[in-house]
Amino acid sequence: MLTRPIVSKSWILLLAALCAACGTTAATGGDGASADATNDGIFSELGDSVAAVTCTADNNGATCDDNNACTNTDKCASGVCAGVPVDCADDVSCTADSCLKSSGCVHKIDGCLIGGVCIGGGSNSPTVACQRCQPEVDPTGWTVDIKLNCDDGNPCTQFDSCHQDGSCVGAAIGCDDGWPCTLDACNAADGCTHTSLSVGACEDNNACTVNDSCKAGKCAPGKDALKCDDKNPCTKDFCEPKTGCKAEIDPMACDDNEGCTIDSCDPATGCKHTSLKVGDACSTGDLCLTGSTCSSALKCQGGNAVVCEDKNICTDDFCKSDKGCIHAINTLSCDDGEYCTYPDLCTGGQCIGVKSNMCPICNKIFSDYDGKLTQFQIGTSGNPGDGIDVDGDPKTCAPDGDCSAGIDNAASVLSFIVNQPLIDSVNNGQFTFVAEMAGYQGENIPFTLNLYYANMDISSKNANCDQQKDVCNWLAMQTAFTAGCMPKFSFKDALVKGGVLTAGGSDTLFAMDASLLGAKNATLYVKGARVEAKVTFTPDGKAVQGMAGALGGAVPSPVVVDIINAMDDSVFTSLGGKTNALALVKQLLAVDIDTDGDGNKDASSIGLRFSAVGAKIIGTGY
């Protein structure tokens, strides 16, 4: 019973005594708790205890106690004490209301009840960043959780975190921008600031400049260049921006231009010129003469003309006095010796014929080390990753102003014209190249790198194999083979060393159908083609996992013009038409490579960036 009439202590003692005499004990709750027991729970209710009254048939209506805290206004009826059930509803949405016979109403909180407001368990405090509702800790208040993310509101700190005392504290942020000519600081209003300096010494990272100084926040090179002199008369001294002074043996340091002397150099004593004897073989300096001899006056004279015939119909052979034999590439009709090809044309110094239906069907057993190209496009600069060192001279690079580390890629200026067609062709499967590491047995063991046009095998098509991500099965197309069933694109002397694949050389020709660029009946060929790429293998080492690198070489200038002329006029709408595009290309495209050795640069360096995923060539197809 929740509410009971007040009874004096003396009456209680008297009634207790009478009950004891009658063998009756004090009433207890149904759960065994004493009727005067209390409950300390903040959401339970318990009324005052009263002396027990025994209900009989003669005291109906008498006030009694049924020993149940979940009832009130208990009265006797027909010898039984019974009360009216207590209403425990507290009208709070996040409490589960119930009643215990021993203690009365109980209100169990679901989540937290803070300041009379229900809060879901785990909810963050709207005012304190490092506190949240944690019922298991305290269901009636916000408690600290150091795992919470927080922001101390200070732009000069980073990695802010909650501490045990509830504070949000961050570590100081680093504002150093790496530029020597800025004053770096941080303030709470703006965060990091970098004030430009116009005074003070600095280093412009060019070892060939001295006395560099700050100007308008930039490090400007000093007026004086570094002087390089190793005091050795036998060397040519120069400066490399990255490493500083260098010297290399100068074979012409002691040349006296006399054919009948032997010129030599001693670092300690300098040049020495030893005279030949009369009749000794000598050099007139004319590389187109051979068999010259020293006269009695010790003058080099006589000789016969050098024969420059290389027996290659695809080169025009001649001699230049200062260069020697020249074998200039031509575009004549030729005969590749295959009965089933037509037409046969000179391409990049080689006679290449177009296969006909009369050519035999090529079949081949392929290596297990294969990859499918997922990217193939012209590099957009002359920096590492976009090309290779085509001319073998680390001191030169292209294009001028956007190159480094000896990378030659003059054709990068064409990327805005031809890359999108290439990207689209690779992504939609129109242009599919697979690479085969034929004969690969491990690092430092030479093999041959072959490239094939390919189609996906029906088994992979049915399995919805993703050509850009998955290891799919491929069939090498017949057009990827010569009439003699040799791979059309082949890079000899391939080698993997330290995870880096290198292949090709000065004699390697890479000739690709330019129709993939939108140029009909044209061929893009790269002379002196070489491949440099990182290659990864599966954990068991039995297959290729991926490749990424560049194919580089030289593209003769006429080839670039032919390709642009063969492309549809619509490609050049944004450039004002094909005529304007050709003029722009001639203006921007540097001719930086000498491919025929005549001393004149006749081709542009190119870097074709590529990547590949693992693949499996299972046979040939059409």
Side-chain angles (χ1 to χ4, degrees), residues 307-317 327-367 370 425 430-439 447-457 474-494 503-517 519-529 551 553 555-556 558-559 562-563 565-566 595-596 617-622:
V307 177
C308 292
E309 174 60 53
D310 63 0
K311 301 186 183 327
N312 182 355
I313 191 175
C314 293
T315 60
D316 297 328
D317 308 318
H327 308 287
I329 295 170
N330 61 46
T331 56
L332 298 176
S333 296
C334 58
D335 185 354
D336 65 359
E338 299 290 347
Y339 72 93
C340 61
T341 61
Y342 181 83
D344 300 342
L345 296 173
C346 289
T347 304
Q350 298 182 22
C351 187
I352 298 177
V354 178
K355 290 176 65 174
S356 70
N357 293 333
M358 297 177 62
C359 291
I361 296 175
C362 299
N363 293 301
K364 184 180 182 299
I365 297 176
F366 297 91
S367 164
D370 310 322
S425 295
Q430 180 184 358
F431 173 50
T432 305
F433 253 145
V434 290
E436 176 199 23
M437 297 169 62
F447 61 95
T448 300
L449 177 68
N450 298 321
L451 296 179
Y452 305 95
Y453 296 126
N455 284 327
M456 187 184 292
D457 182 64
W474 298 92
L475 299 175
M477 297 170 62
Q478 294 297 316
T479 52
F481 296 92
T482 66
C485 288
M486 298 299 292
K488 186 181 291 185
F489 309 112
S490 190
F491 297 81
K492 298 179 180 179
D493 301 320
S506 59
D507 296 330
T508 305
L509 178 69
F510 177 79
M512 185 181 79
D513 184 359
S515 63
L516 298 169
L517 306 175
K520 299 178 181 178
N521 301 318
T523 300
L524 169 64
Y525 69 84
V526 179
K527 191 168 177 60
L551 184 158
V555 179
V559 172
D562 289 345
I563 290 175
N565 279 327
T595 61
D596 55 19
I617 310 175
I618 62 172
T620 59
Y622 295 93

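Everything numeric here is computed off the predicted structure, so don't read it as measured data. Numbers here are sequence positions counted from 1.
- For E436 against F366, the heavy-atom pair with the smallest separation is OE2-CA, 3.4 Å.
- A donor-acceptor pair shorter than 3.5 Å can be found between the side chains of T315 and D317.
- Under the 4.5 Å side-chain criterion, counting only non-hydrogen atoms from C-beta, D457 is not in contact with W474.
- Ring orientation note: the planes of Y452 and F481 are tilted relative to one another, at an angle of 30° to 60°.
- Going from atom OG1 of T448 over to atom CG of D493 covers 8.0 Å, rounded to the nearest 0.5 Å.
- Annotation for D507: atom CG does not count as buried by contact number, only 12 or fewer foreign heavy atoms lying within 6.0 Å.
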Query raised in the report: Would L524 and I563 satisfy side chain to side chain contact (heavy atoms under 4.5 Å, CB included), going step by step from the backbone distance to the final call?
Result: CA-CA 7 Å; L524 169 64; I563 290 175; 3.7 Å; yes
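- Of all heavy-atom pairs spanning Y453 and A480, the tightest one is N-CB, 3.5 Å.
- N455 contributes a side-chain N or O that, together with a main-chain N or O of Y622, makes up a donor-acceptor pair within less than 3.5 Å.
- Listed for the N330 side chain is a donor-acceptor partner under 3.5 Å among the backbone atoms of I313.
- Closest of all the heavy-atom pairs between Y339 and P360 is OH-CD, 4.0 Å.
- A pairwise comparison of heavy atoms in D335 and G337 identifies OD1-N, 2.8 Å as the closest pair.
- In this structure, cysteines C346 and C314 have SG atoms closer than 2.5 angstrom.
- E338 has its side chain out of reach of M358: every pair of non-hydrogen atoms, C-beta onward, lies at least 4.5 Å apart.
- With hydrogens and angles disregarded, a donor-acceptor distance shorter than 3.5 Å links the side chain of D370 to the backbone of I617.
- Contact between Q478 and K355 at its shortest, heavy atoms only, is O-NZ, 2.9 Å.
- Looking at T508 and F489, their side chains never come closer than 4.5 Å, going by heavy atoms from C-beta outward.
- Considering CG of N312 and CD1 of I329, their distance stands at 9.5 Å, rounded to 0.5 Å.
- Residues V434 and L451 form no side-chain contact, since every pair of their non-hydrogen atoms from C-beta on lies 4.5 Å or further apart.
- For the pair M437/L449, a side-chain contact is recorded, criterion being any heavy-atom separation below 4.5 Å from C-beta on.
- The backbone N or O of F510 sits nowhere less than 3.5 Å from a side-chain atom of K527 that would complete a donor-acceptor pair.
- Taking both residues in full, the closest heavy atoms of I352 and D336 are given as C-OD2, 4.4 Å, listed atom of the first, atom of the second, then distance.
- For D344 (side chain) and C351 (main-chain N/O), no donor-acceptor pair under 3.5 Å exists by modelled atom type.
- Contact annotation: the side chain of C359 approaches that of T341 to within less than 4.5 Å [non-hydrogen atoms, C-beta and beyond].
- Other residues, nucleotides and ligands contribute at most 12 non-hydrogen atoms within 6.0 Å of the OH atom of Y342.
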